[in-house]
2 protein chains.
Amino acid sequence: MDRRTRKRYEARAEIAKALAHPTRLFLLEELSHGKRCVCELTEMVGADISTVSKHLAILKNAGLVQDEKRGVQVFYELQCPCIPKMFGCLESILAANAERKYESVSG
Amino acid sequence: MDRRTRKRYEARAEIAKALAHPTRLFLLEELSHGKRCVCELTEMVGADISTVSKHLAILKNAGLVQDEKRGVQVFYELQCPCIPKMFGCLESILAANAERKYESVSG
DNA sequence: TGTCTATTTGGCGAATATACCAATTATCCA
DNA sequence: TGGATAATTGGTATATTCGCCAAATAGACA
């Protein structure tokens, strides 16, 4: 694998890494329903606000969300329209995995 | 976030984590072109065969690929048809990010 | 200006992921 | 059976990620 190819996959992996955490997936799905401020999201997640803020920063850094300051609050929103489709893909994989697990038990 | 919801996002994150490595993304894309055996993939990746084998095990464990033994070789193939679409999504995000970076420099 | 609320940043310990080497397993074939 | 090749597994050192606390930053408003 040459250097250029490796760089390309590293760039893709940066985005995939941003998706690779349950809290961040939850944040993305919540944001797919509309803009939310950090304190709302923090309440839903139930973690320290600094933790949520860092997760949001990771999503922003990957280009998955954008933020907008309104007074003392910061609202985040999805930047990438294909995120909801990704969730569909993840769900279909989970469903197929569950099916296989069932088959291996019953058959 | 209640326990059930958390479990759901953890399950999704398991799959996302499997995607979150440049070598594994490369393997998936290569497998999207057809079955490949571990030694072929190892040669392409340019890492130790044990490293590649472990990456493939992670992909298999996530339900993204399946394996098939043929004699002394093991062939892997994609199990999930939506993987190529995922790559398209990753690429579109990268393109949008590059665009924004360009705008922030020139405008 | 001083205070309050919302958010981000710095830093640290704990947990997780990664890559390689060495050893093991599995299959083929002489 | 014994040797050769392909692949997986175990072990370990290193690197990265994670979550919280504490501190810093920013805006609103009296």
Side-chain angles (χ1 to χ4, degrees), chain A residues 1 3 5-7 9-28 30-31 35-77, chain B residues 1 3 5-7 9-28 30-31 35-77:
Chain A
M1 181 154 41
R3 192 182 134 77
T5 304
R6 184 152 31 81
K7 286 286 170 196
Y9 285 98
E10 281 171 6
R12 289 181 180 179
E14 280 310 302
I15 296 173
K17 280 184 200 173
L19 297 168
H21 192 286
T23 297
R24 292 197 291 269
L25 290 176
F26 172 84
L27 292 169
L28 288 172
E30 183 58 33
L31 293 177
K35 294 185 185 183
R36 300 283 187 273
C37 75
V38 180
C39 58
E40 285 177 293
L41 295 168
T42 297
E43 166 127 19
M44 289 185 251
V45 168
D48 194 276
I49 188 174
S50 71
T51 300
V52 175
S53 175
K54 281 179 183 176
H55 281 308
L56 288 165
I58 288 168
L59 294 174
K60 180 183 169 186
N61 200 252
L64 298 172
V65 303
Q66 61 187 144
D67 60 347
E68 174 196 349
K69 190 148 198 172
R70 287 194 210 160
V72 77
Q73 292 178 312
V74 177
F75 283 76
Y76 281 83
E77 69 181 315
Chain B
M1 182 155 39
R3 191 182 135 78
T5 304
R6 187 152 30 81
K7 285 287 169 197
Y9 286 97
E10 282 171 5
R12 290 181 180 181
E14 280 309 303
I15 297 173
K17 280 184 201 175
L19 297 169
H21 192 287
T23 297
R24 293 197 290 270
L25 290 176
F26 173 83
L27 291 170
L28 288 172
E30 184 56 33
L31 293 177
K35 294 185 184 183
R36 300 282 187 275
C37 74
V38 180
C39 57
E40 284 177 294
L41 294 168
T42 297
E43 165 126 18
M44 288 186 252
V45 168
D48 194 276
I49 189 175
S50 71
T51 300
V52 174
S53 176
K54 281 178 183 175
H55 280 308
L56 289 165
I58 288 168
L59 293 174
K60 180 184 170 186
N61 199 254
L64 299 172
V65 303
Q66 61 187 144
D67 59 346
E68 174 197 346
K69 191 148 196 169
R70 286 194 210 158
V72 78
Q73 291 178 312
V74 177
F75 283 76
Y76 281 84
E77 70 180 314

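If you're wondering where the values come from, they're calculated on a predicted model, not measured in any experiment.
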Geometric class of the A/H21/A/H55 ring pair [parallel <30°, tilted 30-60°, perpendicular >60°]: tilted
Rounded distance in Å - NE2 (A/H55) to P (D/dT16): 19 Å
Nearest atoms (heavy-atom pairs only) where B/V52 meets B/L41: CG1-CB, 4.3 Å
Closest to side chain of A/V72, choosing from D/dA26, C/dT18, C/dT27: D/dA26
Interatomic distance where NE2 belongs to A/H21 and P belongs to D/dT16 [whole Å]: 18 Å
Nearest-Å distance for atom pair CG/C1', residues A/L59 and D/dC18: 14 Å
Interatomic distance, A/Q73 CD vs C/dC4 P [rounded to whole Å]: 19 Å
Greater than 12 external heavy atoms within 6.0 Å of B/E43's CD: no
Touch class at under 4.0 angstrom, heavy-atom based, for B/Y76 against every strand present: sugar-phosphate
Length of the CD1-P vector between B/I49 and C/dA22, whole Å: 16 Å
Sugar-phosphate, base or nothing in reach of B/R70, heavy atoms under 4.0 Å: nothing
Closest to the A/K17 side chain, choosing from D/dT17, D/dA7, C/dT7: D/dT17
Sugar-phosphate only, base, or nothing, as touched by A/A47 at under 4.0 Å among non-hydrogen atoms: sugar-phosphate
A/L56 CG to C/dA6 P, straight-line distance once rounded to whole Å: 16 Å
Residue B/T51, side-chain atoms from C-beta onward, closest of D/dA7, D/dC18, C/dA19: C/dA19
Base D/dC21 to side chain A/S50, donor-acceptor N/O within 3.5 Å cut-off: yes
Proximity to the side chain of A/D48 - top-ranked nucleotide from D/dG27, D/dC20, D/dC18: D/dC20
Separation of D/dA7 C1' from B/L27 CG (nearest whole Å): 14 Å
B/D67 or A/K69, whichever maps to the more 5' nucleotide of DNA chain D: B/D67
Per A/S53 side chain, nearest of listed nucleotides D/dG19, C/dT8, C/dA26: C/dT8
Proximal nucleotide (of C/dT8, D/dA7, C/dT18) relative to the B/I58 side chain: C/dT18
Integer-rounded Å distance: C/dT18 C1' and A/Y9 OH: 20 Å
Any donor-acceptor pair under 3.5 Å from B/R24 side chain to B/A18 backbone: yes
Side chain proximity check, B/E40 to B/Y76, heavy atoms < 4.5 angstrom: no
Touch class at under 4.0 angstrom, heavy-atom based, for B/K54 against every strand present: base
